[in-house]
Amino acid sequence: MQPFELRGERLLLAVPVAADIDRITELCQDPEIQRWTTLPSPYSHEHAKSFVEDSVRHGWETEQDLVWAIRSPEDRRVHGMIGLRSRGDGTAEIGYWVAPESRGDRLVSRAVRLVAEYAFADVGPGLTHLHWRAVVGNWASRRVAWACGFRIEGKVRGGIAQRGIRRDTWVGTLAAGEPMRPLLPWLDVPTLAGTRVALRRFAESDAAAVVEACNDPVTQHWLGGLPSPYTREIARAYIRDREEEAAAGRGIHWAAALPEGGPAIGAFSLMGLLTHDGGAEIGYWVHPDARGHGVATEAVGLMVRHAFAPASAGGLGLRRLVIAHVTGNDASRKVIERAGFRPFGVERAGERIRGGVVLDLHWYDLLSDDPRP
């Protein structure tokens, strides 16, 4: 197959050539490109030369690996790469990387849609499915796949060999005829500031505080499903999963911290956004050092305001929130009542706490037009 160009809005895809070797060498020094791809590291001029003169040429000749440079249509300057690797039987895998200065302007999303349109077209390969994969943690690549309508199927352990190390990968699929736009919302995790507490995204640096809180005897008593002992690796997985929940549109999870900063002193969540029709469930825990200082009361109030605020004001525009506590957890009950929630029922034997004891769950709700403290 002879290389050809694809043109879109403010976008040109054209095969990389010898004149691009220096630019490719320069771009592939970027730490993020090396972190998330299987490119050699360190990346030399000889690597770029072999890529252009051997790999790209061979891929087009065999029609197995079509590679384009992502270019500005005005000056043909290279901003990244995108490729389509045939997997046979009507499928191919799409891959891409982009220069640091070109990230965040939807350039790659437009390039992916352009390549997908070609891949699915009858005058093109006429593929039925496109596959995407990325090393777990590469949120930038996943956000592009999400924006282009790929359905994230899950995680494959050891799915990519990266310089001799097997790395876990996310995998996603786009089928011919499916809309190239997001299937589900990617929920933002805004910072919500109060006087005694601020709700922010979880960070890897919160792992130690999560371990301390989740090994606390009080936390362990009421949250019977927590592993015991609760290890640093479990905490890291918990933090990573908070981001996963937002990306999948299922929930928003905040770390509570002091207004001046520092590690997490609690976790506060709006859960079940896909299953509750116009509503969500609130859940939380507080670090033992932060109990008795009004942290939970203020944090729940911040979540309530964000949940009920209209989307035009940056909120979620929800109409109902629910929350529950088990029999005997008076500290949680007081937080719920201070926030204005009203009891609506008891779920008998609804929760198992530490030691295998089964207790009733006391459910409360709050509507967006209910009076609040």
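Computed from a predicted model, the values in this text were never measured in an experiment. We use all heavy atoms of the structure for the numbers below, so side chains are in, but hydrogens, waters and symmetry mates are not.
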Visitor: My understanding is that only one of Val197, Leu302, Leu192 makes a side-chain contact (heavy atoms from CB on, under 4.5 Å) with Trp254; could you say which?
Guide: Leu192
Visitor: With a 4.0 Å cut-off, would you call Arg242 and Glu245 a salt bridge?
Guide: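 Looking at Arg242 and Glu245, the cut-off is not met.
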Visitor: Hey, could you give me the NE2/CD distance between His287 and Glu212, rounded to the nearest 0.5 Å?
Guide: 4.0 Å
Visitor: Does the distance from a Lys or Arg side-chain N to an Asp or Glu carboxylate O, for Glu117 and Arg7, drop under 4.0 Å?
Guide: no
Visitor: Report the C-alpha distance between Thr195 and Glu298 in whole Å, list the side-chain angles of each, state the deciding distance to 0.1 Å, and finish with yes or no for side chain to side chain donor-acceptor pair (under 3.5 Å).
Guide: CA-CA 8 Å; Thr195 58; Glu298 184 173 43; 2.9 Å; yes
Visitor: State the CD-CG distance between Glu93 and Leu130, to the nearest 0.5 angstrom.
Guide: 10.0 Å
Visitor: Is Glu5 salt-bridged to Arg76, going by a charged N under 4.0 Å from an acidic O?
Guide: yes
Visitor: Between Val304 and Leu366, which heavy-atom pair has the shortest distance, and what is it?
Guide: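 Minimum heavy-atom contact is CG1-CD2, 3.8 Å.
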Visitor: Treating Gln29 as the side-chain partner and Thr25 as the backbone partner, does any N or O pair qualify as donor plus acceptor under 3.5 Å?
Guide: yes
Visitor: If you round to the nearest 0.5 Å, how far is CG of Leu367 from CZ of Phe308?
Guide: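 These two atoms lie 6.5 Å from each other.
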Visitor: Ser102 vs His79, test: side chain to side chain donor-acceptor pair (under 3.5 Å). Steps then yes/no.
Guide: CA-CA 7 Å; Ser102 300; His79 294 278; 2.9 Å; yes
Visitor: What do you reckon, is CZ of Arg85 surrounded by more than 12 foreign heavy atoms closer than 6.0 Å?
Guide: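 No - once you tally the heavy atoms of other residues, nucleotides and ligands closer than 6.0 Å, there are 12 at most.
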Visitor: Are the charged groups of Lys49 and Glu46 less than 4.0 angstrom apart, N to O?
Guide: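 The answer is no: the pair does not qualify as a salt bridge.
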Visitor: Step by step, work out the side-chain contact (heavy atoms from CB on, under 4.5 Å) result for Glu244 and Trp170.
Guide: CA-CA 11 Å; Glu244 179 75 33; Trp170 289 314; 3.6 Å; yes
Visitor: Can we call the ring centroids of Trp68 and Tyr96 under 6.0 Å apart?
Guide: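 No, too far apart.
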Visitor: Looking at every non-hydrogen atom in both residues, tell me the closest pair between Leu270 and Ala307 and how far apart they are.
Guide: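 For Leu270 versus Ala307, the nearest heavy atoms are CD1-CB, 4.1 Å.
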Visitor: If you round to the nearest 0.5 Å, how far is CE of Met303 from OG of Ser269?
Guide: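 Going from OG on Ser269 over to CE on Met303, the span is 7.0 Å.
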Visitor: Evaluate Arg236 against Glu204 for side-chain contact (heavy atoms from CB on, under 4.5 Å), listing each step before the verdict.
Guide: CA-CA 7 Å; Arg236 291 195 187 101; Glu204 290 288 336; 4.1 Å; yes
Visitor: Given 3.5 Å as the limit, does a donor-acceptor pair link the side chain of Asp206 with the main chain of Ala264, or not?
Guide: yes
Visitor: Tell me if the CG atom of Asp369 is crowded by more than 12 foreign heavy atoms within 6.0 Å.
Guide: yes
Visitor: Are a donor atom and an acceptor atom from the side chains of Trp132 and Ser141 found within less than 3.5 Å of each other?
Guide: yes
Visitor: Test ring-ring contact (aromatic ring centres under 6.0 Å, His included) on Tyr43 and Phe51 and set out the steps.
Guide: CA-CA 11 Å; Tyr43 194 89; Phe51 168 68; 7.9 Å; no
Visitor: If every non-hydrogen atom of Pro263 is compared with every non-hydrogen atom of Arg200, which pair is closest and at what distance?
Guide: C-NH2, 3.8 Å
Visitor: If Ile, Leu, Val, Met, Phe, Trp and Tyr residues are connected whenever their side-chain heavy atoms lie under 4.5 Å apart, and connections chain through other members, are Ile265 and Tyr230 in the same group?
Guide: no
Visitor: Hey, are Asp168 and Arg240 close enough for a salt bridge, meaning a charged N less than 4.0 Å from a carboxylate O?
Guide: no
Visitor: Grouping I, L, V, M, F, W and Y whenever their side-chain heavy atoms are under 4.5 Å apart, do Phe4 and Val67 come out in a common cluster?
Guide: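 Looking at the clustering, Val67 is in the same group as Phe4.
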Visitor: Take Leu316 and Ile252 through the side-chain contact (heavy atoms from CB on, under 4.5 Å) test and state the conclusion after the steps.
Guide: CA-CA 11 Å; Leu316 297 174; Ile252 304 176; 3.9 Å; yes
Visitor: Taking the six-membered ring of Trp139 (Phe, Tyr or Trp), confirm whether the NZ or CZ of Arg142 is under 6.0 Å from its centre and within 45° of its axis.
Guide: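 No; the conditions do not both hold, so Arg142 does not lie above the ring face of Trp139.
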Visitor: Considering the options Val218, Val210, Leu226, which one meets the side-chain contact (heavy atoms from CB on, under 4.5 Å) requirement together with Trp285?
Guide: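 When Val218, Val210, Leu226 are each tested with Trp285, the side-chain contact (heavy atoms from CB on, under 4.5 Å) holds only for Val210.
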Visitor: For a 4.5 angstrom cut-off between non-hydrogen side-chain atoms, does Ile165 reach Arg163?
Guide: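 In short, these two side chains do not touch, never coming nearer than 4.5 Å.
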Visitor: For a side-chain contact (heavy atoms from CB on, under 4.5 Å) check, start with the C-alpha distance between Phe202 and Tyr238, then their side-chain angles and the critical distance, and finish with the verdict.
Guide: CA-CA 10 Å; Phe202 271 98; Tyr238 170 82; 3.9 Å; yes
Visitor: For Lys334, is there an ion pair with Glu337 - N to carboxylate O distance below 4.0 angstrom?
Guide: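 The answer is no: the pair does not qualify as a salt bridge.
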Visitor: Taking Asp20 for its side chain and Val17 for its backbone only, find out whether a donor-acceptor pair lies under 3.5 Å.
Guide: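 Side chain of Asp20 to backbone of Val17, a donor-acceptor pair under 3.5 Å: yes, one is there.
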Visitor: Between Ser72 (side chain only) and Asp75 (backbone N and O only), is there a donor and an acceptor less than 3.5 Å apart?
Guide: no
Visitor: Nearest 0.5 angstrom please: Glu153 CD to Arg151 CZ, how far?
Guide: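 Interatomic distance, Glu153 CD to Arg151 CZ, rounded to 0.5 Å: 6.5 Å.
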Visitor: Is there a donor-acceptor pair closer than 3.5 Å between any side-chain N or O of Asp105 and the backbone N or O of Leu107?
Guide: yes
Visitor: Just by distance, do the side chain of Arg354 and the backbone of Gln220 share a donor-acceptor pair under 3.5 Å?
Guide: yes
Visitor: Pairing donors with acceptors under 3.5 angstrom, does anything connect the side chains of His47 and Ser50?
Guide: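 Their side chains do not contain a donor-acceptor pair, so the 3.5 Å distance test is not met.
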Visitor: Do Trp222 side-chain atoms and Ile353 backbone N/O form a donor-acceptor pair below 3.5 Å?
Guide: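 No; zero donor-acceptor contacts below 3.5 Å.
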Visitor: How far apart are the closest heavy atoms of Gly8 and Leu114, and which atoms are they?
Guide: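 Result for this residue pair: N-CD2, 3.8 Å.
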Visitor: Judged by atom type as modelled, is there a donor-acceptor pair below 3.5 Å linking the side chain of Glu347 to the main-chain atoms of Trp363?
Guide: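 No, Glu347 side chain to Trp363 backbone: no donor-acceptor pair under 3.5 Å.
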Visitor: Starting at CD1 of Ile336, measure out to OG1 of Thr297 and round the result to the nearest 0.5 Å.
Guide: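 Those atoms lie 10.5 Å apart.
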Visitor: Side-chain contact test, heavy atoms from C-beta onward, threshold under 4.5 Å: evaluate it for His362 versus Thr327 and give yes or no.
Guide: yes
Visitor: Please check: side-chain N/O of Arg333 versus main-chain N/O of Asn329, any donor-acceptor pairing under 3.5 Å?
Guide: no
Visitor: Hey, does the side chain of Gln162 reach the backbone of Arg35 with a donor-acceptor pair shorter than 3.5 angstrom?
Guide: yes
Visitor: When Asp365 is tested against each of Arg342, Arg319, Arg320 for salt bridge (Lys or Arg N to Asp or Glu O under 4.0 Å), which residue passes?
Guide: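 Going through Arg342, Arg319, Arg320 one by one, the salt bridge (Lys or Arg N to Asp or Glu O under 4.0 Å) with Asp365 is satisfied by Arg320 alone.
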Visitor: To check you understand the geometry: which heavy-atom pair defines the closest contact between Ala296 and Tyr284, and what is its length?
Guide: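 Closest approach of Ala296 to Tyr284: CB-CE1, 4.3 Å.
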Visitor: Identify the two heavy atoms, one from Val52 and one from Ala18, that lie closest to each other, and give their separation to 0.1 Å.
Guide: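 Smallest interatomic distance, heavy atoms only, reads CG1-N, 3.9 Å.
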